[in-house]
Amino acid sequence: MTWIAQNLWLIPVLPLVASGVIAVNKQRQRKLAVTLSIGSMVMAFLLSLCAFSATLLHHGESGVFREVAGFNWLQFGGQWLQLGWVLDPLTAIMLVMVSFVSLLIFIFSVGYMAHDENFTRFFCFMSLFAAAMLGVVIANNLLLFFICWELVGLTSYLLIGFWYHKPSAAAAAKKAFITTRIGDLGLLLGMVWLYAETGTLNFYANGSGCLEQSALTTMVTHMTAAGMAVSTAIGLLIFLGAVGKSGQLPLHVWLPDAMEGPTPVSALIHAATMVAAGVFLVARVYPLMSAHLDGAAAETTALTVVTWIGALTAIFAASVAVAQTDIKRILAYSTISQLGYMMLGLGVGGVAVGMFHLITHAFFKALLFLGSGSVIHGCHEEQDVRKMGGLKKFMPVTFATYAIGMLALAGFPLFFSGFWSKDEILHAAHGWPVSHIPFFLGCAGALLTAFYMTRQVALVFFGNYRVTGVVEKGSNAGKSPVQHSNTPSLHHSNSAPHESPAVMTVPLVILAGFAILLGLVGTPAWPWFDGFLNGEPAGFDFNKLTEDGTLGLMLASAVIVFAGLGLGWWLYGKRQRRTAEEPDVLQGAQPAVFALLENKYFVDEIYEATIIRFNAWAAQVCDFLDRWIWGGAVLLVSYVTLGLSWLYRFTDEFVVDLGFDTGCETLREGGDELSKWHSGRVQTYLRVIGVALVVLVLFLVWGRKA
């Protein structure tokens, strides 16, 4: 076993230790907090590169390279629960992505959170967040996976509600925590059922793991009462956990509200950690979800559900993003849509297809969120795109990098990574034998993605700055950034936007570079990423661009993207908004449709009127039952018991005790009287005998006379 596989646990432990040390230090130890947090992520990234190098060195030797390590953790009866970690291509590529993207976000946070009074607490939570996600990635055991999975949920709650003094932030944190718990319940049930079926929670264990052939064969042949294979039922329960964490329909409602946290938190959640965990879970248990009676991957029920959920989520969230005005909420719905694409890719194309889009998306979505943070920072905490405009003149670096991220997300042909990863999903969906509807939904989502991202960029960076009374460009240069404090800062209408400091823009430039270059490892001509995950060599072959209709689909995809970009520019670029109060172009054309999209199809309101109201009603019923039925019954029983106790006391004291005491007193008095006849005094006895003799004589004399 390689040394890095044996010591893979160090990767999540380093930021975990950093978080613990920061937690026990004083709040004013800002430099120590930054040093520990960023330093631990640097070390974690270097170790992740070592793990990635180890998999590269053994790539193509004999299938997928995989090394596992573990230890006994908890014993019950004669059985042990084990914890362990696994090094394989899926783990290695995720470790590099999570650690590197998190590192860049941490660096960006130094500038963004520079004036926040809870600076050290922020980095404590961020380190714990990264540690939990890295634990999810290395886990070779569903129990360890679940432990780290729940830590991800905990830290997301802490970070979304980081500015807890704001009621909206506190509500968003609770909403995220409770909504994801619904999915986690399914994951927990699936985990328990999986253990009952296989006797282990280890993914891989030299042939005896729950994802290996012997266990899969057993689960495929066992049927539930509903006629479904056990493997399918367990897979769907586990997928429910992924639906919650990755914001898929119908548990997507927490993700847009998560924007209440600081922007680096949004970047970390949407790019490298929480939402990626759900997609990674499906990729990790893919052998279970694709298990078939003939032993080969097939269009199983579980994967069909994954496909439809992903396709519907992609088009739903993309349509909602069209009508949003908060710069971060547009990106939030974009993330939900792209996560739907990832699920679609997993369902129709396998692990490599879905994971390639996850990796590329991590970089350009981190770029976009950090770019939005730079915009918010430069605009003095303003987040409404209607109140921006013309920022490319004030923030050239942010604009250039944001434009790259936007084109990558939109899937601009050939030059950006999003084009190749999105096209691979559409190509797989086009060949899905079950239905072509997911393919058409994916194409519609691609059109909407290009459209709403063009709309956002046009409103934010082009035209004129739509705040009156702004000083000329450059007059605010060099001044301190606006303070992030425990009181929401106000928009300074008399201050011009300004470019962010280098500590914030350098990570943007690095992420922009990867948003372009990553596409090179997943083109049809050189499918290196697919070969790496599947343990197969991948060489250059430009002929693959013309095979299986690939070139035609690429051209169709390019046309869709250009159509979305062109329509967005025609409506929002050429017709620039003059004032912040001016209605949206689409709102003027289709007010009813725009209102529907702006209000997110009223899903939250529907939940409020149905599920939440029913839950409140059920709570009231339970409260009534508890207070008046069960509580009344308990009170009645207590009163009956108390009454019986008083009766028993009366009977005991005034019947039993009184009769017994009276009898005892009579017996005692009788004894006293009798004792007088046995005093032991001869004189008394003689007197009695004398009296008795006199009585006897009198009796005899009287009797004789009678």
Side-chain angles (χ1 to χ4, degrees), residues 11-12 14-15 18-19 33-49 52 93-114 119 122-123 125-134 137 155 159 261-276 328 331 335 358-378 395 397-406 408-409 416-418 481 499-519:
I11 297 176
L14 285 169
S19 175
V34 169
T35 302
L36 288 174
S37 188
I38 295 180
S40 65
M41 288 311 301
V42 170
M43 294 301 298
F45 174 59
L46 294 176
L47 289 174
S48 298
L49 288 178
F52 182 69
I93 199 72
M94 279 293 290
L95 284 175
V96 173
M97 183 275 287
V98 172
S99 59
F100 185 55
V101 173
S102 298
L103 173 61
L104 294 176
I105 294 172
F106 281 26
I107 295 172
F108 180 92
S109 301
V110 174
Y112 191 85
M113 301 295 292
F119 183 86
F122 177 81
F123 277 94
F125 292 165
M126 291 284 276
S127 295
L128 182 60
F129 202 1
M133 184 61 194
L134 291 169
V137 171
T155 47
L159 286 167
T263 302
V265 173
S266 303
L268 199 59
I269 288 176
H270 287 252
T273 54
M274 188 169 180
V275 297
K328 289 170 64 177
L331 296 178
T335 298
L358 183 148
I359 297 299
T360 59
H361 175 267
F363 285 89
F364 60 70
K365 186 51 64 72
L367 169 61
L368 289 170
F369 264 108
L370 295 185
S372 71
S374 180
V375 168
I376 294 168
H377 175 88
M395 310 177 71
V397 177
T398 299
F399 165 67
T401 55
Y402 201 93
I404 291 173
M406 168 263 182
L409 174 59
F416 297 92
S417 59
E499 184 62 273
S500 299
V503 71
M504 297 171 65
T505 56
V506 169
L508 297 180
V509 174
I510 296 173
L511 288 169
F514 279 93
I516 297 173
L517 297 175
L518 275 177

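Keep in mind it's a predicted model, so treat the numbers as computed, not measured.
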Roughly how far, to the nearest 0.5 Å, is the [atom2] atom of [Y] from the [atom1] atom of [X]?
X      : Y      : atom1 : atom2 : answer
Phe399 : Met406 : CZ    : CE    : 9.5 Å
Ser40  : Ile11  : OG    : CD1   : 12.5 Å
Leu518 : Ser417 : CG    : OG    : 5.5 Å
Phe125 : Ser37  : CZ    : OG    : 12.5 Å
Leu367 : Tyr402 : CG    : OH    : 8.5 Å

Got [X] and [Y] here, is their nearest side-chain heavy-atom distance under 4.5 Å?
X      : Y      : result
Leu268 : Ser102 : yes
Met274 : Thr155 : no
Leu368 : His270 : no
Pro15  : Leu134 : yes
Phe369 : Thr335 : yes
Leu508 : Thr398 : yes
Val265 : Phe122 : yes
Met504 : Leu370 : no

- Query: Between Ile269 and Phe129, is a side-chain contact (heavy atoms from CB on, under 4.5 Å) present by the stated rule, with each step listed?
  - Reply: CA-CA 9 Å; Ile269 288 176; Phe129 202 1; 3.5 Å; yes
On a heavy-atom basis, which atom in [X] and which in [Y] lie closest, and how many Å separate them?
X      : Y      : answer
Met126 : Leu159 : SD-CD1, 3.9 Å
Leu358 : Ala276 : CD1-O, 3.8 Å
Ile404 : Ala512 : CG2-O, 3.7 Å
Val101 : Ala362 : CG1-O, 4.3 Å
Lys328 : Gly261 : NZ-O, 3.1 Å
Ile105 : Pro264 : CG2-O, 3.5 Å

- When you look at Ile38 and Val110, which way does the side-chain contact (heavy atoms from CB on, under 4.5 Å) test go after all the steps? CA-CA 10 Å; Ile38 295 180; Val110 174; 3.8 Å; yes
- Quick one: which residue pairs count as a side-chain hydrogen bond (donor to acceptor under 3.5 Å, both in side chains) with a foot in residues 500-510, not counting sequence neighbours? Ser374-Ser500
- What is the ring orientation for Phe514 with Phe363, classed by angle as parallel under 30°, tilted 30 to 60°, or perpendicular over 60°? parallel
- Task: Can you label the angle between the Phe108 ring and the Tyr112 ring as parallel, tilted or perpendicular, going by 30° and 60°?
- Result: parallel
- Query: Ser99 pairs by side chain to side chain contact (heavy atoms under 4.5 Å, CB included) with which of Met133, Met41, Met43, Met94?
  - Reply: Met41
- Message: Set out, in order, the CA-CA distance, both residues' side-chain angles and the distance that settles side-chain contact (heavy atoms from CB on, under 4.5 Å) for Ser127 and Phe106, then state yes or no.
- Response: CA-CA 9 Å; Ser127 295; Phe106 281 26; 4.0 Å; yes
- Item | Stepwise side-chain contact (heavy atoms from CB on, under 4.5 Å) check, Leu95 with Phe45 | CA-CA 8 Å; Leu95 284 175; Phe45 174 59; over 6 Å; no
- Message: Between Glu499 (side chain only) and Val397 (backbone N and O only), is there a donor and an acceptor less than 3.5 Å apart?
- Response: yes
